[in-house]
Amino acid sequence: MSDSAKTILLCGVGGQGTILAADLLARAAIASGDDVKLSEIHGMAQRGGAVTTVVRVGRAVGTMVADIGDADFLISFETTEALRNIAYLKQDGIAIVSDETIKPLTALTGRVPMPRGARKTLSGFGALVTPAELLARQAGSVKSVNVVLLGVLSTFLDYDEAVWLDVIRGRVPERFVDMNLKAFSLGRSFARDRAGQMG
């Protein structure tokens with residue numbers, strides 16, 4: 001495992017665009033000259049099922065495996081999955097979490113209770129809780145939450161903004177390009193505004 005490699009764990013539920021986000025991230029890394037390893041998807045990539053994928057990027061990436069405490073970044077599309085996967089984050093890692101909460105099937109059927117105070121718990125971990133659904137709506141569709149979160153993540157990685165924009169243009173269907181470019185920009189702006197407030 002290269003010291004320069006970064007491990008990004010993305011998690012959410014089926015239908016949220018987790019797989020597309022991982023693909024866009026991998027393409028941006030490759031276009032920037034990085035090596036990339038992408039894990040298989042764990043869980044059910046169907047609507048409502050948990051989806052987790054790992055993307056490792058760097059000049060030389062030896063493995064795609066990410067164990068507990070290995071992730072430099074945790075990108076979660078909703079709060080419950082963030083809590084379920086927070087143990088994978090390094091002590092000095094960065095969690096970027098959409099403030100949306102989706103009840104998993106086990107909670108809907110009453111087999112398990114929903115965690116209480118998820119946002120407060122995540123804030124205690126230093127998570128950057130993001131109003132991703134609100135920003136996605138501003139961009140034109142809640143389906144662009146994944147790209148909003150990539151916009152936030154992009155401010156922490158050394159890839160030129162132009163590379164990200166080219167990857168989005170080349171990967172999403174043409175009729176959705178402008179919406180996704182706006183979603184990415186809104187995510188970047190949110191992260192920079194938050195950094196400015198904290199700095």
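In what follows, residues are counted from 1 in the order of the sequence shown. We use all heavy atoms of the structure for the numbers below, so side chains are in, but hydrogens, waters and symmetry mates are not.
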Can a donor-acceptor pair be found, under 3.5 Å and without considering hydrogens, that links the side chain of [X] to the backbone of [Y]?
{"X": "Lys182", "Y": "Gln138", "result": "yes"}
{"X": "Asp72", "Y": "Thr7", "result": "yes"}
{"X": "Glu78", "Y": "Glu81", "result": "yes"}

How far apart are the closest heavy atoms of [X] and [Y], and which atoms are they?
{"X": "Ala60", "Y": "Ala5", "value": "O-CB, 4.3 Å"}
{"X": "Gly12", "Y": "Phe77", "value": "CA-CB, 4.0 Å"}
{"X": "Thr79", "Y": "Ser98", "value": "CG2-O, 3.6 Å"}
{"X": "Ala87", "Y": "Ile68", "value": "O-CG2, 3.3 Å"}
{"X": "Glu133", "Y": "Val145", "value": "CA-CG2, 3.6 Å"}
{"X": "Ala132", "Y": "Asp99", "value": "N-OD1, 4.2 Å"}

Name of the residue among Leu135, Leu186, Ile168, Leu181 meeting side-chain contact (heavy atoms from CB on, under 4.5 Å) with Val147
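For Val147, the side-chain contact (heavy atoms from CB on, under 4.5 Å) check succeeds only for Ile168.
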Before giving the answer on side-chain contact (heavy atoms from CB on, under 4.5 Å), spell out for Ile19 and Val51 the whole-Å C-alpha distance, their side-chain angles and the decisive distance to 0.1 Å.
CA-CA 8 Å; Ile19 297 169; Val51 180; 4.3 Å; yes
Looking at side-chain heavy atoms only, is the closest gap between [X] and [Y] below 4.5 Å?
{"X": "Thr130", "Y": "Val97", "answer": "no"}
{"X": "Ile8", "Y": "Leu10", "answer": "yes"}
{"X": "Arg56", "Y": "Lys6", "answer": "no"}
{"X": "Ile96", "Y": "Leu74", "answer": "no"}

If you group Ile, Leu, Val, Met, Phe, Trp and Tyr by side-chain heavy-atom gaps below 4.5 Å, do [X] and [Y] land in one group?
{"X": "Val148", "Y": "Val172", "answer": "yes"}
{"X": "Leu38", "Y": "Trp164", "answer": "yes"}
{"X": "Val167", "Y": "Phe176", "answer": "no"}
{"X": "Val142", "Y": "Leu134", "answer": "no"}

To the closest 0.5 Å, what do you measure between [atom1] ([X]) and [atom2] ([Y])?
{"X": "Ser185", "Y": "Glu161", "atom1": "OG", "atom2": "CD", "answer": "6.5 Å"}
{"X": "Ile75", "Y": "Leu25", "atom1": "CD1", "atom2": "CG", "answer": "8.5 Å"}
{"X": "Cys11", "Y": "Asn85", "atom1": "SG", "atom2": "CG", "answer": "4.0 Å"}
{"X": "Arg194", "Y": "Ser189", "atom1": "CZ", "atom2": "OG", "answer": "14.0 Å"}

Would you please name every residue forming a side-chain hydrogen bond (donor to acceptor under 3.5 Å, both in side chains) with Asp166, sequence neighbours left out?
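side-chain hydrogen bond (donor to acceptor under 3.5 Å, both in side chains) check on Asp166 returns Arg169.
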Can Asp35 and Lys37 be said to form a side-chain contact (heavy atoms from CB on, under 4.5 Å), step by step?
CA-CA 7 Å; Asp35 186 19; Lys37 293 271 191 310; 3.7 Å; yes
Would Leu9 and Phe73 count as a side-chain contact (heavy atoms from CB on, under 4.5 Å) here? Give the steps.
CA-CA 6 Å; Leu9 187 149; Phe73 298 94; over 6 Å; no
Before you tell me yes or no, could you show the steps for Thr18 and Asn146 under side-chain contact (heavy atoms from CB on, under 4.5 Å), namely the whole-Å CA-CA distance, both residues' side-chain angles and the distance that decides it to 0.1 Å?
CA-CA 7 Å; Thr18 313; Asn146 55 351; over 6 Å; no
Does atom OH of Tyr88 have more than 12 heavy-atom neighbours from other groups under 6.0 Å away?
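Incorrect, the count does not exceed 12.
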Electrostatic pair Asp23-Arg171, nearest N-O below 4.0 angstrom
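Salt bridge: yes.
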Tell me which donor-acceptor pairs under 3.5 Å the side chains of residues 149-160 have, and how far apart each pair is, sequence neighbours excluded?
{"residue": "Ser154", "atom": "OG", "partner": "Gly151", "partner atom": "O", "Å": "2.6"}
{"residue": "Ser154", "atom": "OG", "partner": "Arg188", "partner atom": "NH1", "Å": "2.8"}
{"residue": "Thr155", "atom": "OG1", "partner": "Val152", "partner atom": "O", "Å": "2.7"}
{"residue": "Tyr159", "atom": "OH", "partner": "Asp34", "partner atom": "OD2", "Å": "2.6"}

